[in-house]
Amino acid sequence: MKLFVCITVLFFTYSSDADWYEHSFDVMGTRAKVEFESDSKKLAAMLVKRVEDEMNRIDQLMSPFKETSELSKINTMAFSQPVEISREMFSLLEKSLEYSRFTSGAFDITFSSVGYLYDYRQHRMPSNSDKTRLKESINYRSISLNANQSSVRFLDKNTRIDLGGIAKGHAVDQCIGILLNHGIKNAFVNAGGDSRVIGKKQDRLWYIGIRHPRDEDKLIVNLPLEEVSISTSGDYERFFIKDNVRYHHIIDPKTGDSARHTQSVTILASNSVDADALSTSIFVMGVEDGMKLVNQMTSVSAIIIDQQGKMIISNDLTNAK
Ligand code: ADP
Ligand code: MG
C-alpha cells in the first residue's frame with residue numbers, strides 16, 4: 001500500500017508539465033527569494049513580479065530610512081497630533097503591541113527611541129548620556145491606537161518606532177498569500193532571516209539550514225520542513241565589535257543596549273509574522289525565560305544557541321527526537 005502511494009506521488013510529479021521557478025532580489029536591506037512550482041510560464045512570470053512588487057510596496061510603507069514612508073510620517077508627527085494610518089499599518093502596530101504585552105516588554109517597537117542612534121555600518125552608537133536619557137522613552141505604552149479613527153498617537157515626545165522585528169515576517173506572509181490565491185501549492189518565500197514553506201520541494205520536504213552564529217560557512221542543523229514558517233534572529237546580522245564588546249541590532253528595551261544572552265534564536269510557527277516577532281522577543285528574553293514562554297505555546301518551537309555556543313531546543317522538539 002505504501003509503495004503504491006509512493007508511485008502515485010512520483011507519477012503526478014513527473015508526468016505533470018509543472019516547472020520550478022526561482023527569483024532572488026534585494027529589498028528591505030536584505031536578500032529575498034521566491035521559489036515555486038507552476039504549470040504556466042506566463043502565470044509564473046506574473047507571480048514573480050507580484051512577489052517582488054509586494055515586498056517593495058511594504059518596504060516603501062515601513063522603512064525607517066525612507067522619509068516618505070508611512071512609518072517616517074508617524075515618527076515625525078504622532079506626538080503633536082493623531083496620525084491617520086492605513087489598515088495594514090494599524091494591524092501591524094496592534095500586533096506589535098500584543099507581542100509587547102505577551103513578552104512582558106521584550107518585544108517593543110519603541111526600542112528605536114534609542115535604537116535609531118546606532119549605525120552598525122559606521123560603528124556608531126549613542127553616547128551614555130543620550131542612552132540614559134532616551135531609554136526612558138522605550139515604552140510601548142506610549143503608543144496609543146484609536147481603532148475608530150484608524151490613527152496612532154505617541155504620548156512621549158521622544159518616542160520613535162521601527163518595525164524591523166516584524167515587517168519582514170509580514171511581507172513573507174503577504175507573498176505566500178499571493179501565491180496561494182493563484183493556486184500555487186508548492187513554494188518557498190524568504191526575506192533575510194524569515195522564511196515560509198508550503199507543500200513540498202519536488203517529492204521531498206523543504207530543507208532549511210540554521211547557520212552557525214560564528215561561522216557563516218557552517219550549518220548547525222538542516223531541518224526538514226512542511227507547512228511552516230521559520231525565523232532566525234542572530235547577533236551576527238548587523239554588528240560591530242568595539243573594545244571586545246559586540247554591538248548588534250537587537251536591543252534590550254530595559255537597557256537600550258544590545259541583548260547579549262544568546263547568539264541566535266530560531267522560531268518555528270504557523271505563520272511568519274508570529275515567527276519573526278517571536279524570534280526577536282526570545283532573543284531579548286534569553287534561554288530560561290524565552291524557553292518557558294515557547295513551551296507554553298502550542299505549535300511554536302525554538303532552537304536557541306546560547307552565549308557559549310550550546311544548542312537548546314524546546315520541549316516539543318525534544319519529544320520528537
Ligand atoms: P533580522 O532583521 O536580522 O531578520 P530580527 O527579526 O531579529 O532580525 O529583527 C531585528 C530587528 O528588529 C532590528 O534590526 C530592529 O529593527 C528590530 N528590533 C531590535 N530590537 C527590538 C526589540 N526589542 N523589539 C522589537 N524590535 C526590535
Ligand atoms: Mg524577528
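Computed from a predicted model, the values in this text were never measured in an experiment. Counting convention: from 1, in listed order, for ligands and their atoms alike.
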Is any NZ, NE, NH1 or NH2 atom of the basic residue among Lys33 and Glu22 found under 4.0 Å from an Asp or Glu carboxylate oxygen of the other? yes
Between Asp194 and Ser272, do the side chains contain an N or O donor and an N or O acceptor separated by less than 3.5 Å? no
Is Lys73 salt-bridged to Glu70, cutoff N-O under 4.0 Å? no
Heavy atoms of other groups near Lys131 NZ, more than 12 under 6.0 Å: yes
Shell of residues surrounding ligand 1, defined by a 4.0 angstrom heavy-atom cut-off that is strict: Ala106, Phe107, Asp108, Phe111, Asp162, Gly164, Gly165, Lys168, Gly193, Ser233, Glu237, Arg238, His249, Ile250, Ile251, Pro253, Asp276, Thr280, Val284
Given a threshold of 2.8 Å, state how many protein N/O/S atoms are nearer than that to the Mg ion (ligand 2). 3
Are any of the side-chain nitrogens in Asp119 or Arg238 under 4.0 Å away from the carboxylate oxygens of its partner? no
Are His23 and Phe25 an aromatic pair, judged by ring center distance below 6.0 Å? yes
Determine whether more than 12 heavy atoms belonging to other residues, nucleotides or ligands lie under 6.0 Å from atom CD of Glu227. yes
Would you mind telling me which of Asp173, Asp274, Asp276 makes a salt bridge (charged side-chain N to carboxylate O under 4.0 Å, His left out) with Arg196? Asp173
Please say whether more than 12 non-hydrogen atoms of neighbouring residues, nucleotides or ligands are located less than 6.0 Å from CD in Glu288. no
